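What follows is a short report on a single structure.
Treat the numbers as computed from the prediction; the structure is a model and nothing was measured. Note on naming: letters A, B, ... go to the chains in the order of the sequence lines (proteins, then strands), and numbering restarts at 1 for each one.
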Number of protein chains: 2
Amino acid sequence: MNEKVTIDFETLNSDLVDVFNNVMWIEEAALKQSYFSDITLKDMHTIDAISMYSEKSASQVAKIIHLTPSAMTTAIDKLVEKGYIERRRSNTDRRVVRLGLTHKGRVVYRAHQGFHRDLTHNLLRDMQPTEIEVVQRAIHNLVRYLANVIKH
Amino acid sequence: MNEKVTIDFETLNSDLVDVFNNVMWIEEAALKQSYFSDITLKDMHTIDAISMYSEKSASQVAKIIHLTPSAMTTAIDKLVEKGYIERRRSNTDRRVVRLGLTHKGRVVYRAHQGFHRDLTHNLLRDMQPTEIEVVQRAIHNLVRYLANVIKH
DNA sequence: ATGGTTTATTTCGATAGTCAAACTAAATAT
DNA sequence: ATATTTAGTTTGACTATCGAAATAAACCAT
């Protein structure tokens, strides 16, 4: 005898809306309560885009987080002043600014990664290996769909 | 013989991060290209919080979208001026402002719901009923986890 | 009923984030 | 050499947000 399977699109939809509407805010609030209360979630995303070992240029980072170059400049100024990131002029092309995380920057970066890992762990709570595979497939569907939306 | 099931936590995690980082921005960009280019995503969330049949007060809406009362007032001003929402003073308590969507407001509200429905449909692309049930469970895990984080 | 307190919203002043346009400096092409 | 392109910065205007003070209505205890 089969278990009854309830498919409730509306519930799932509203759960999903709920997650999207709340994640950002929770992330922001968590940050404010933490040891790193001097940066906003947007700052965090800048740090995240620079990431650990990359040495990306200012304009590359700007593109990733969808900021204009001018806004990027002031965002960098602020994070440099607070000691999270470093500006290094490239040796090979002295127009470009290479960005790197300071020690402090690497610490928040890892903390933030921890937050996301918690999210993933909780998404998978009480799931069997085969079920985990299903969830992975679903999320990856979403990634591809969004990637598709981006290129018109 | 079993299919090999690959469990790759890191891939799922980075997919999830990808989704969170991009959804908001895509939503914002979609709005800007649409017929309703005169409102931002935050405005959209205000409209969403007011929603169809509720008649919520200004402070209730402020709480939902995590805005201070003063910021709420100016947000409402703007949306009233643009013709998306209406201010109605309550009859039973003349201090409270009841908010409602205008016709135009209801139109964007439905369009926005459509966006979220597309997201949900794409999350579930090519899923069997039993698999859909798994995805529902996973997302609901996340909702509960986030709800839990909110209350400390 | 009246005075004091609480509640809901608004107004005001200050601050921060954003963009577009103009600008500087460096690299590349003609 | 000179012009063009590219990377980043500066500037000025605009918008969103907050906190504090103001307003106004409702509630409550006498």
Set of residues satisfying side chain to side chain contact (heavy atoms under 4.5 Å, CB included) with respect to [X], sequence neighbours excluded:
X: A49(A); value: V61(A), I64(A), I65(A)
X: V134(A); value: R137(A), M127(B), E131(B), V134(B), V135(B)
X: S14(B); value: none
X: A71(B); value: L67(B), T68(B)

Name every donor-acceptor pair, under 3.5 Å, that has one atom in a side chain of residues 75-82 of chain B and the other anywhere in the protein, sequence neighbours excluded.
{"from": "D77(B)", "atom 1": "OD1", "to": "R87(B)", "atom 2": "NH1", "distance (Å)": "3.1"}
{"from": "D77(B)", "atom 1": "OD1", "to": "R87(B)", "atom 2": "NH2", "distance (Å)": "2.8"}
{"from": "K78(B)", "atom 1": "NZ", "to": "D43(B)", "atom 2": "OD1", "distance (Å)": "3.0"}
{"from": "K82(B)", "atom 1": "NZ", "to": "D38(B)", "atom 2": "O", "distance (Å)": "2.7"}

- Judged by atom type as modelled, is there a donor-acceptor pair below 3.5 Å linking the side chain of S57(A) to the main-chain atoms of V96(A)?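 The answer is no, because no donor-acceptor pair under 3.5 Å joins these two groups.
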
- Message: Measuring from atom CG of L101(A) to atom CD of E55(A), what distance do you get when rounded to the nearest 0.5 angstrom?
- Response: 9.5 Å

- Item | Length of the line joining K78(B):NZ and dT17(D):C1', which is rounded to integer Å | 11 Å

- Item | For atom CD1 of I76(A) and atom P of dT10(D), their distance in whole Å | 11 Å

- Message: Using a strict heavy-atom distance below 4.0 Å, which residues from residues 23-39 of chain B are in contact with DNA chain C?
- Response: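 Nothing qualifies; none.
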
- Query: Going by heavy atoms closer than 4.0 Å, what residues in residues 62-74 of chain A are next to DNA chain C?
  - Reply: L67(A), T68(A), S70(A), A71(A), T74(A)

List, with names and distances, any nitrogen or oxygen atoms from the protein found under 3.5 Å away from nitrogen or oxygen atoms belonging to nucleotides 21-28 of chain D.
{"from": "dA26(D)", "atom 1": "OP1", "to": "R94(B)", "atom 2": "N", "distance (Å)": "2.9"}

- So the contacted stretch of DNA chain C, first to last nucleotide with an atom under 4.0 Å from a non-hydrogen atom of chain B, runs from dT7(C) to dT11(C)

- Are R87(A) and dT9(D) close enough that a side-chain N or O sits under 4.0 Å from OP1 or OP2? yes

- Hey, is the side chain of K42(B) poking within less than 4.0 Å of OP1 or OP2 on dT15(D), counting only N and O atoms?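 No, no such contact exists.
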
- Query: Is the closest side-chain heavy-atom distance between R117(A) and E10(B) below 4.5 Å?
  - Reply: yes

- Task: Just call it for R89(A): base, sugar-phosphate, or nothing, with non-hydrogen atoms closer than 4.0 Å on any strand.
- Result: sugar-phosphate

- Report which part of the nucleic acid R98(A) touches: base, sugar-phosphate, or nothing (heavy-atom distance under 4.0 Å, all strands). nothing

- Message: Is it the case that the side chains of N91(A) and R94(A) hold a donor-acceptor pair, with the cut-off being a distance below 3.5 Å and no angle test?
- Response: no

- Start at the 5' end of DNA chain C and walk down; is the nucleotide closest to D77(B) or to D43(A) reached first?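 The residue whose closest nucleotide sits nearer the 5' end is D77(B).
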
- Message: Can you pull out every ring-ring contact (aromatic ring centres under 6.0 Å, His included) where at least one residue sits in residues 10-56 of chain A? Sequence neighbours excluded, please.
- Response: W25(A)-H66(B)

- Note on the structure: ring-ring contact (aromatic ring centres under 6.0 Å, His included) pairs touching residues 76-134 of chain A, sequence neighbours excluded, are H112(A)-H116(A), H121(A)-F9(B)

- Message: Restricting to salt bridge (charged side-chain N to carboxylate O under 4.0 Å, His left out), what partner residues turn up for R106(A), sequence neighbours left out?
- Response: none

- Exceeds 12 heavy-atom contacts within 6.0 angstrom, atom NZ of K104(B):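 Above 12, so yes.
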
